[in-house]
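As structure tokens, the structure follows; a few thoughts come after it.
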Amino acid sequence: MKENPWARLLAYVSGLINHELLLKNEYLAAENRILRARLPAHLRLSDPERSTLAEIGKRLGRKALAQVACVAKPDTILAWYRKLIGQKFDGSKHRRYPGRPPIEPKLEALIVQMARENSGWGYDRIVGAPSNLGYTVSDQTVGDVTFCYTSSTV
């Protein structure tokens, strides 16, 4: 069987590149060890720095991380990754909270204005006025809104 000369050339070039990457990694690891020896005992990292190290550390794996990691232990870096993923899929931003949603500030101001200008009107009559403008509000809400504003001004 005849061997393809291109395959041999490709293997040679990829071997050179792989060897060069290994040498670069070895150099960077040695440089990191030297620089780490000159730093203070406890190095404070920011959240973006932690997340960067966590993402790369996860891709590396625990074994390779144990050989390379100098800033923190591999378990700590992987814990940062778990926390990062937990925050990413938390869902609390989209979570609905119990109770009715608050009324619009514009509607609230309108209710307060009507209650002040028409002191003889009851809650039911004040409910009818905004409904003519397209708002839907209950008499209990009108009572709560007017109570808050009348009791805070006393």
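Everything quoted here is computed from the prediction, not taken from an experiment.
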Among residues at least two apart in sequence or on other chains, which ones pass salt bridge (Lys or Arg N to Asp or Glu O under 4.0 Å) with K106?
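Checked K106 against salt bridge (Lys or Arg N to Asp or Glu O under 4.0 Å); zero matches.
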So, using salt bridge (Lys or Arg N to Asp or Glu O under 4.0 Å) as the criterion, who are the partners of D47 when residues are at least two apart?
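Scan of D47 (salt bridge (Lys or Arg N to Asp or Glu O under 4.0 Å), adjacent residues dropped) gives R50.
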With [X], which residues qualify under side-chain contact (heavy atoms from CB on, under 4.5 Å), at least two apart?
X: D139; answer: Y123, D124, V127
X: I103; answer: L107, E108, I111, T141, V145
X: L23; answer: H19, E26
X: S46; answer: P48, E49

Of all heavy-atom pairs between A69 and I77, which one has the smallest distance, and what is that distance?
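Between these two residues, the closest heavy atoms are CB-CD1, 3.9 Å.
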Considering all heavy atoms of both residues, which atom of P74 and which atom of A66 are nearest to each other, and what is their separation?
CG-CA, 3.6 Å
So which residues get pulled into Y27's cluster when ILVMFWY side chains under 4.5 Å apart are joined, directly or through others?
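For the cluster that includes Y27, the remaining residues are L28.
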For residues T146 and V112, determine if any side-chain heavy atom of one lies less than 4.5 Å from a side-chain heavy atom of the other.
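Side-chain contact under 4.5 Å: no.
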Is the closest side-chain heavy-atom distance between L110 and L133 below 4.5 Å?
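A side-chain contact under 4.5 Å exists here.
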So, using side-chain hydrogen bond (donor to acceptor under 3.5 Å, both in side chains) as the criterion, who are the partners of S119 when residues are at least two apart?
none
Can you name the side-chain hydrogen bond (donor to acceptor under 3.5 Å, both in side chains) partners of N118, sequence neighbours left out?
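Residues passing side-chain hydrogen bond (donor to acceptor under 3.5 Å, both in side chains) with N118: none at all.
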Flag yes if L78 and V68 sit in one hydrophobic cluster, no otherwise; membership is Ile, Leu, Val, Met, Phe, Trp, Tyr, and two members link when side-chain heavy atoms are under 4.5 Å apart.
no
Is there a path from L53 to L84 through hydrophobic residues (I, L, V, M, F, W, Y) whose side chains come within less than 4.5 Å of each other?
no
Using 0.5 Å steps for rounding, measure from the OG atom of S138 to the CG atom of D144.
7.5 Å
Residue pairs involving residues 78-87 (criterion side chain to side chain donor-acceptor pair (under 3.5 Å); sequence neighbours excluded)
none
Write out all pairs satisfying side chain to side chain donor-acceptor pair (under 3.5 Å) with one or both partners inside residues 58-67, taking only residues at least two apart or from two chains.
R62-D75
Going by salt bridge (Lys or Arg N to Asp or Glu O under 4.0 Å), name the pairs with one or both residues in residues 126-136, residues two or more places apart or in two chains.
none
